[in-house]
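Written below as structure tokens is the structure these notes are about.
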Number of protein chains: 2
Amino acid sequence: MGAATTISPPVHTAAQARIIDAAVALFTEHGVGGTSLQMIADAIGVTKAAVYHQYSTKDEIILAVAGVVLARLETAVGAAERERSRARAREALLGHMVDLAVERRRMAGILQRDPVMLRFLQEHEPFRRVMERVNRVLMGGASDPRARVQAATFPSAIAGTVVHPLVLDLDDATLHAQLTKQVRKLLQPR
Amino acid sequence: MGAATTISPPVHTAAQARIIDAAVALFTEHGVGGTSLQMIADAIGVTKAAVYHQYSTKDEIILAVAGVVLARLETAVGAAERERSRARAREALLGHMVDLAVERRRMAGILQRDPVMLRFLQEHEPFRRVMERVNRVLMGGASDPRARVQAATFPSAIAGTVVHPLVLDLDDATLHAQLTKQVRKLLQPR
DNA sequence: GTCTATAAATCGATAGAC
DNA sequence: GTCTATCGATTTATAGAC
């Protein structure tokens, strides 16, 4: 009943999973716009035609990469919306976002920072709807400049930090603990 | 005496300024890796060859775009380093970074988030040195995980926020005031 | 699922006229 | 400073064999 996943379900064959893994690594290094299907094929060790057999356009690959994280984000925002108060909802969502970003650092960096990916997601309705729900929860019921800037700061800080050179050699547990502390500071009334 | 600018000075002809402006807009929309010289030429209304007459490679255009902001960032970090204490130095630098990011939102977004630009700057020694100085000031004399994550959070939050869809229609003064408040929260000991 | 081969367009970059 | 014209390499994408 209800709450069906509107984001492409992360169900992949072995060949598709290899393509997605290679794409994430290349997107991180060269950006989505600077990554060709030839580069992906070379990274896996197959030809372009083999890649096209799995995903018939480059957009489908971008979609598949985004779907991995965004399906989980949709679940997280759904759970947050069911919390008893707006304050609890925001805290719960931020906790899930930190979990997700630390666990999949490179993907989080791509989804929140790559210009091509951002543009792609903005034009894709299911993704846009999820982001609107995320923003609504993060704004905590308000929509004034203060709430907007605050809501914008959370994902920016989270996604930017997990891929920052200064935290590259930190293990997940340490990064998670310290990042959580920083995000909590942003939650304070002043 | 000393403190000569090591970053390309922002001295441009009118033709060069047009190219840089068009490049910034296109880099924001399609990413550095997804922007071709043809696109830049079309945006200005000239041919590719005319663009090549100003900048003989695409890398020089990227460098010119980066130089505009980074020359000012170098000045800012130099001034911060002359403050009386590490705490004051950090506050001063963050103030300048917020100024710069709000004033040139799109450029800040590109410099801190575009994968190709980040990679390009990392391989460019003068820029890398400036970023090392910035990181040193932001870490405030420490180098433990707590200081690293904190230092990584500042630029991530600033650059990500100024280009976030939620703050697009906020005027500079409002954004500056609210962003300053958020950044101050991150500075708190807990 | 993977291959070879190819098409049509675009890429960064250069030469030379005006 | 801008143009036309062009180079060779690379791009997305398809056809068809195995």
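In what follows, every chain begins at residue 1, and chains take the letters A, B, ... in the order their sequences are listed.
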Can you list everything that forms a side chain to side chain donor-acceptor pair (under 3.5 Å) with [X]? Sequence neighbours excluded, please.
X: A:Arg104; answer: none
X: A:Ser36; answer: none
X: A:Asp42; answer: A:Gln38
X: A:Lys185; answer: A:Gln182

Contacts of A:Asp21 meeting side chain to side chain contact (heavy atoms under 4.5 Å, CB included) (sequence neighbours excluded), chain-then-number -> none
Using atom types as modelled, flag every donor-acceptor pair under 3.5 Å from a side chain in residues 93-101 of chain B to any protein atom, sequence neighbours excluded.
from, atom 1, to, atom 2, distance (Å)
B:His96, ND1, B:Ala92, O, 3.2
B:Asp99, OD1, B:His176, NE2, 2.6

Side-chain atoms of A:Ser36 come closest, of D:dT2, C:dG1, D:dT11, to D:dT11
Nearest whole Å is fine: how far is [N] [atom2] from [X] [atom1]?
X: A:Met39; N: D:dT12; atom1: CE; atom2: C1'; value: 14 Å
X: B:Glu60; N: C:dG12; atom1: CD; atom2: C1'; value: 13 Å
X: A:Ile44; N: C:dG1; atom1: CD1; atom2: C1'; value: 12 Å
X: A:Gln38; N: C:dA7; atom1: CD; atom2: P; value: 18 Å
X: A:His53; N: D:dA13; atom1: NE2; atom2: C1'; value: 15 Å
X: B:Ile40; N: C:dT10; atom1: CD1; atom2: P; value: 17 Å

task: Using only heavy-atom distances, determine whether the side chains of A:Glu60 and A:Ser56 contain a donor-acceptor pair under 3.5 Å.
output: yes
Exercise. Are A:Glu103 and A:Arg72 close enough for a salt bridge, meaning some N to O gap below 4.0 Å?
Worked result: yes
Sequence neighbours excluded, the answer for salt bridge (Lys or Arg N to Asp or Glu O under 4.0 Å) partners of A:Arg113 is none
The correct set of residues in residues 22-31 of chain B placing a heavy atom under 4.0 Å from DNA chain D is none
Is the phosphate of C:dG1 approached by A:Arg18 (side-chain N or O, under 4.0 Å from OP1 or OP2)?
no
Phosphate-side-chain proximity, B:Thr13 and D:dG1, N/O vs OP1/OP2 below 4.0 Å: yes
Inset, instruction - Identify whether any heavy atom of B:Thr47 sits under 4.0 Å from a base atom; if not, whether one sits that close to sugar-phosphate; answer base, sugar-phosphate or nothing. - result: base
Dump every N/O contact between nucleotides 13-17 of chain C and the protein below 3.5 Å, one line per pair.
from, atom 1, to, atom 2, distance (Å)
C:dA13, OP2, B:Tyr52, OH, 3.4
C:dA13, OP2, B:Lys58, N, 3.0
C:dA13, N6, B:Lys48, NZ, 3.1

